Amino acid sequence: MTRPLSSRPPSVKEWRLNLYLSEHDPDTTARIVLDTGDNVLESHAEARRNPYDTAVPDIGDELAAGRALIAMGRVLLRAAAGDMQDMGANDREAPAPLWLSRE
């Protein structure tokens, strides 16, 4: 017999996210690999320092990593949308984007 949801012990999942940064001045590249146990998803992004700006590697790391995390969010949202569609969810009008397409 299946127990009601309220009496089930909480479920804990662990997803592993690896973030790789590489710098080739003036470019910094971030690559993310997310292992959910069932799937492995990847995203990447770049940051480029203006040649007239002072070299501060941490800023490039932060920009590239932040952009790659946003890209991973998009990958996860697309995966969830595909899974919902596969489960027979009704097609609805797409929500307004949370970010600009140039990010």
Side-chain angles (χ1 to χ4, degrees):
M1 178 174 172
T2 304
R3 293 183 289 171
L5 288 177
S6 60
S7 67
R8 291 184 185 171
S11 174
V12 176
K13 293 183 179 183
E14 181 176 337
W15 288 5
R16 297 197 179 267
L17 184 140
N18 291 309
L19 172 62
Y20 304 96
L21 294 165
S22 70
E23 184 175 343
H24 304 285
D25 195 36
D27 298 328
T28 301
T29 302
R31 179 174 160 255
I32 292 178
V33 178
L34 175 64
D35 184 351
T36 68
D38 297 324
N39 294 306
V40 176
L41 305 171
E42 290 191 39
S43 69
H44 70 278
E46 295 181 351
R48 175 171 289 193
R49 180 180 58 81
N50 183 319
Y52 298 107
D53 290 344
T54 304
V56 182
D58 288 347
I59 294 173
D61 292 349
E62 292 164 350
L63 285 170
R67 291 172 180 165
L69 287 165
I70 290 169
M72 180 56 72
R74 290 188 203 125
V75 169
L76 286 167
L77 290 171
R78 281 193 299 269
D83 291 345
M84 289 186 298
Q85 187 174 14
D86 291 347
M87 296 298 295
N90 294 333
D91 288 336
R92 293 191 177 176
E93 188 176 312
L98 299 174
W99 48 84
L100 299 175
S101 61
R102 59 189 159 111
E103 289 183 335

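Owing to the predicted nature of the structure, the values given are computational and were not obtained by experimental measurement.
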Heavy-atom closest pair (A68 atom, S43 atom, distance to 0.1 Å) is O-OG, 2.9 Å
Within the 4.5 Å heavy-atom criterion, are I32 and V75 side-chain neighbours or not? no
If you look only at distance, which donor and acceptor atoms sit under 3.5 Å apart when one is on a side chain in residues 15-23 and the other is two or more places apart or in another chain?
from: R16; atom 1: NH1; to: E14; atom 2: OE2; distance (Å): 3.3
from: R16; atom 1: NH2; to: E14; atom 2: OE2; distance (Å): 2.9

Taking side-chain contact (heavy atoms from CB on, under 4.5 Å) as the definition, give me every residue that meets it alongside E42, ordered by chain and number, with sequence neighbours left out. R31, V33
Name all residues meeting the salt bridge (Lys or Arg N to Asp or Glu O under 4.0 Å) criterion together with D27; count only those two or more places apart in sequence or in a different chain, and write none if there are none. R48
Listed partners of V12 passing side-chain contact (heavy atoms from CB on, under 4.5 Å), at least two apart: none
Applying side-chain hydrogen bond (donor to acceptor under 3.5 Å, both in side chains) to D25 and not counting sequence neighbours gives R49
Shortest non-hydrogen contact from A64 to A45? O-CB, 3.7 Å
Distance in Å, H44 NE2 paired with T29 OG1, rounded so as to fall on 0.5 Å steps: 8.0 Å
The criterion is salt bridge (Lys or Arg N to Asp or Glu O under 4.0 Å); which residues satisfy it with R78, sequence neighbours excluded? none
Applying salt bridge (Lys or Arg N to Asp or Glu O under 4.0 Å), name anything that partners E46, two or more places apart in sequence or on another chain. none
How is the hydrophobic cluster of I59 composed, in terms of its other members, when Ile, Leu, Val, Met, Phe, Trp and Tyr link through side-chain heavy atoms under 4.5 Å apart, directly or indirectly? V56, L63
For residues 51-64, which residue pairs pass the salt bridge (charged side-chain N to carboxylate O under 4.0 Å, His left out) check, not counting sequence neighbours? none
